[in-house]
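Take a look at the structure below.
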Amino acid sequence: MMSNMHDYYAMTMPGLETVAFSEMQAKLPGCTLVKFARGIVLFQTTAAPGELLALRTTEDVFVALVHLTGLGRGPDALRVLHSATLQSDLAGALAAFRRAHAGAQPRTWRVVSQKEGAHAFRRMDAGQAVTDALKRALPRGMRQVQDDADVEFWLWLHGSEALIGLRLSDATMRHRAYKREHLPASLRPTVAAAMAWLAQPQADDVVLDPMCGAGTLVIERALMKPYALALGGDIRPEAVEMARRNAGAAGVKASWQVWDARKLPLDDARATTLLTNLPFGKQIGNLATNVELYTVLAREFQRVVTPQGHLVALTSDDRLWDAILREQGWQIAKKIVVVVLGQPATIFVATR
Ligand SMILES: C[S@@+](CC[C@H](N)C(=O)[O-])C[C@H]1O[C@@H](n2cnc3c(N)ncnc32)[C@H](O)[C@@H]1O
């Protein structure tokens with residue numbers, strides 16, 4: 001089956017597809033889901049293309065040129081990719097790109113291809129089929145280059161499904177300009193944004209990250225929606241300094257302190273929203289000390305979070321955190337597995 005359309009697709013960290021779509025539904029007018037695939041949300045919206053670049057839980061956004069399902073695994077598939085690209089609405093996609101980028105006219109282009117699954121051809125061959133079609137179909141005056149192209153066409157081929165899209169975003173969408181300084185265990189901004197979104201942000205939130213590292217969670221929450229107050233702290237003064245500088249660069253107002261998260265200098269029920277990336281016991285801490293640490297932390301978090309508040313925490317020690325939360329009477333509303341620093345980790349959304 002083949003359909004060409006003016007749809008869009010977003011790439012997300014695998015696991016965060018539904019969270020990303022929920023942000024789209026809230027922020028983009030007339031947003032409807034076409035389908036999910038791993039790390040992909042295919043959707044329609046009447047939003048102006050530039051509005052898509054403001055999504056925070058998404059890594060990249062594309063105008064969908066081609067969506068194919070039921071693609072064969074043999075060399076015939078290359079012909080199908082080629083002709084689908086030729087027939088696609090390139091003029092419409094280029095117009096969307098210009099609208100998203102203040103009228104900028106792209107002069108150079110390149111193709112980026114990803115392939116998963118067994119096929120009787122190589123990734124390069126699939127990319128070449130798309131490239132050959134684009135050479136014929138793109139306006140004269142647009143030149144193919146190897147790097148630093150004004151516009152990129154991405155081919156995503158997974159088994160019998162293919163998407164070809166014109167990339168609207170660039171690397172700043174996922175990397176964020178404010179993140180000048182990193183810590184080794186620093187969180188990917190789109191994952192931090194997804195955690196903030198999962199806490200159902202409200203304008204009167206008092207947001208707290210008791211183990212803030214470089215400050216990513218507090219900053220992403222603050223950039224996501226209005227809030228009443230944001231508090232971050234860490235046991236290491238250099239982390240607190242870094243968080244303060246990153247927040248300054250992001251234009252985020254928050255208060256930062258050196259503290260021990262096991263014994264926070266905060267009143268009971270001070271925070272409506274506690275967002276945190278727990279020490280995994282790999283880079284920081286170790287698995288044996290995690291039992292004691294997590295037990296103390298879960299109790300302290302219960303003290304400082306309001307009865308209606310949300311706790312959203314990320315850890316790779318998910319069985320331990322799950323058991324401790326339950327033991328202490330937390331209700332686990334959701335668990336989402338994501339890959340962080342190359343290992344699986346779980347986002348826990350809990351209420352008291
Ligand atoms: C996984 S990192 C958090 C990374 C952070 N979310 C970011 O994006 O940079 C865990 C942080 O917990 C801090 N930490 C460990 N034990 C702590 C404690 N008892 N009190 C406060 N912070 C602590 C570490 O210094 C480290 O910065």
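For ligands, and for the atoms within them, numbers begin at 1 and follow the listed sequence.
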Checklist entry - Take atom CD in Glu116; do more than 12 heavy atoms of anything else shown fall under 6.0 Å from it? => result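 At most 12 heavy atoms, drawn from other residues, nucleotides or ligands, come within 6.0 Å of this atom.
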
With a cut-off of 6.0 Å (strictly less than), are more than 12 heavy atoms of other residues, nucleotides or ligands near NZ of Lys253?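 No, NZ of Lys253 has 12 or fewer neighbouring heavy atoms, counting only those of other groups under 6.0 Å.
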
*Once the angle between the rings of Tyr9 and Phe62 is folded into 0 to 90°, is it parallel (under 30°), tilted (30 to 60°) or perpendicular (over 60°)?*
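Judged by the thresholds at 30° and 60°, the geometry between Tyr9 and Phe62 is parallel.
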
Parallel, tilted or perpendicular, as decided by the 30° and 60° cut-offs, for the rings of His119 and Phe121
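Correct class here is tilted.
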
- [ ] Just go through Leu293, Thr216, Asn277 and tell me whose heavy atom is the nearest to atom 4 (C) of ligand 1.
- [x]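 The nearest heavy atom belongs to Asn277.
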
*Closest by any non-hydrogen atom to atom 27 (O) of ligand 1: pick that one out of Asp209, Asp234, Leu314.*
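Among Asp209, Asp234, Leu314, the closest heavy atom to atom 27 (O) of ligand 1 belongs to Asp234.
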
Number the atoms of ligand 1 from 1 as they appear, then name those within less than 4.0 Å of a heavy atom of [X], with their elements.
X      : result
Ala261 : 18 (C), 19 (N), 20 (N), 21 (C)
Asp260 : 18 (C), 19 (N), 20 (N)
Gly213 : 5 (C), 9 (O), 27 (O)
Ser186 : 7 (C), 8 (O), 9 (O)
Leu187 : 7 (C), 8 (O)
Trp259 : 20 (N), 21 (C)
Pro279 : 15 (C)

Practice item. Please state which part of Ala192 comes within less than 4.0 Å of ligand 1, counting heavy atoms only: side chain, backbone, both or neither. Key: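 Neither part.
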
Are any of the heavy atoms in Gly233 under 4.0 Å away from ligand 1?
->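 No, Gly233 has no heavy atom closer than 4.0 Å to ligand 1.
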
What about [X]: any of its N or O atoms under 3.5 Å from an N or O on ligand 1?
X      : answer
Ala239 : no
Ala214 : yes
Leu278 : no

For the CD atom of Glu59 and the NE2 atom of His175, what is their distance to the nearest 0.5 Å?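 Those atoms lie 7.5 Å apart.
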
Quick test of your reading of the model: are Glu300 and Arg262 salt-bridged, counting only N-O distances below 4.0 Å?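 Between Arg262 and Glu300 there is no salt bridge, as every charged N stays at least 4.0 Å from the carboxylate O atoms.
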
Problem - Salt bridge Asp268-Arg303, side-chain N to carboxylate O under 4.0 Å - result: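 Here Asp268 pairs with Arg303 in a salt bridge, since their nearest N and O are under 4.0 Å apart.
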
Against Leu320, only a single residue in Thr315, Leu293, Asn290, Leu278 fulfils side-chain contact (heavy atoms from CB on, under 4.5 Å); can you say which?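 One option only clears the test, and that one is Asn290.
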
A side-chain contact here means heavy atoms from C-beta on lying under 4.5 Å apart; do Met11 and Arg174 qualify?
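No, their side chains stay 4.5 Å or more apart.
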
